[in-house]
Amino acid sequence: MEFEQTFMNFLLQHQEKHNRTYHFLVLMDAIISAAKHIERYYVTGALKGNLGSAGKVNVQGENVMHMDDIAQKIIIHYLKTTGRVIHAVSEESTKIIPLNEEGGRYFIYFDPLDGSSNISHGLPVGFLFGIAKRNLKGPEDFHLRAGKDYIAAGMFVIPTGTFTIAFREAGTWRFHIDETMNYVKPVRIALPDTPDTWELSFNATNRYTYKKEVQEWVHNNERKYTFRYLGALAGDFHRILTKGGMFMYPAIVNHPDPKKNRPDGKLRLMYEASVVAFMCREAGGAAVDERGTPILNIKPKDHHQRTALYVGSKPLVDDIIKVLK
Ligand code: FDP
């Protein structure tokens with residue numbers, strides 16, 4: 001019989017090696033429990049009628065699916081039980097969610113089920129999260145942290161049983177769920193240097209809505225790489241992490257219907273772009289916004305702030321920066 005190291009054992013060793021407390025373990029245990037719970041609901045969702053619309057719109061003005069609601073409730077339940085979370089910021093909640101303002105130690109920013117167009121098909125979606133820590137040395141600035149101040153960020157691609165997490169200055173790691181529903185077998189991820197496997201990922205329908213320089217860049221580069229697009233950031237980025245290349249969701253500035261322009265981009269900074277940018281940096285890559293500013297340096301003004309995103313292999317991101325600046 002062969003046994004693989006579990007995520008919790010890996011994390012325990014990581015905390016001991018770096019002389020850290022066990023508080024983070026308590027938080028991660030809750031996040032793992034939530035993810036497993038969501039995963040079960042998702043795979044049985046079509047049978048139970050949970051993959052349809054909840055008949056309301058969220059803070060982003062987007063249609064809320066039943067599963068969004070279910071995932072949100074599950075995550076908040078588990079976070080509450082830890083006593084370690086000060087505030088949670090979720091895509092599914094207009095306001096920040098205070099959990100333990102006095103005794104908590106962490107801020108968590110999450111999107112419970114990202115990639116909503118896949119939900120009704122039961123296809124992959126993501127539970128994305130970033131974690132920052134209370135300022136233990138000085139005055140508390142609460143929750144509006146730049147990605148560079150996160151201590152960890154991760155994603156579950158649901159329902160594939162994969163979990164990827166990055167720790168500050170300690171790499172990006174991938175785990176797979178086993179038959180006992182444990183995430184096991186840590187594998188450290190580094191973006192491949194050679195372009196042979198690189199992929200480009202973007203919503204091709206939008207290509208003529210990008211600014212001219214980005215349209216030209218796409219035109220000049222797309223034939224060099226394989227094109228893949230699932231329509232769920234976690235799934236698309238999961239591929240980029242192992243194959244290399246670049247995922248991009250540029251600003252939309254040339255839409256034939258100007259009301260549909262998105263000059264600030266579409267993706268949310270705190271619980272989408274910064275999360276993947278953090279994982280990408282720890283795997284040796286980079287991420288920038290429409291001006292070529294590193295995503296991890298952007299301090300949000302609002303917890304639901306949007307941004308354009310170019311994330312992936314450093315040489316490709318560096319190349320597109322030339323047309324962004
Ligand atoms: P969705 O709107 O379906 O929830 O931010 C959300 C996101 O999905 C990302 O997961 C995904 O990469 C992107 O938006 C897909 O947007 P398009 O449908 O415009 O391609």
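Just follow the structure's listing: the first ligand is 1, and inside any ligand the first atom is 1. Predicted, not measured: the structure shown is a model, and the values here were computed from it.
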Shell of residues surrounding ligand 1, defined by a 4.0 angstrom heavy-atom cut-off that is strict: Asp114, Gly115, Ser116, Ser117, Asn203, Tyr229, Gly231, Ala232, Leu233, Phe247, Tyr249, Lys266, Leu267, Arg268, Glu272

Met1: which other cluster members, linking ILVMFWY side chains closer than 4.5 Å, directly or transitively? Phe3

Check: residues 20-31 side-chain donor-acceptor pairs under 3.5 Å, at least two apart:
residue : atom : partner : partner atom : Å
Thr21   : OG1  : His23   : N            : 3.3
Tyr22   : OH   : Glu16   : OE2          : 2.8
His23   : ND1  : Arg84   : NE           : 2.8

side-chain contact (heavy atoms from CB on, under 4.5 Å) partner of Ile321, the single match among Asp319, Val317, Val323: Val317

Contacts of His66 meeting ring-ring contact (aromatic ring centres under 6.0 Å, His included) (sequence neighbours excluded), chain-then-number -> none

In terms of side-chain heavy atoms, does His87 have a donor or acceptor partner in Glu101 at a distance below 3.5 Å? yes

Take Phe163 and Phe156 through the ring pair (Phe, Tyr, Trp, His ring centres under 6.0 Å) test and state the conclusion after the steps. CA-CA 4 Å; Phe163 168 41; Phe156 298 84; 4.2 Å; yes

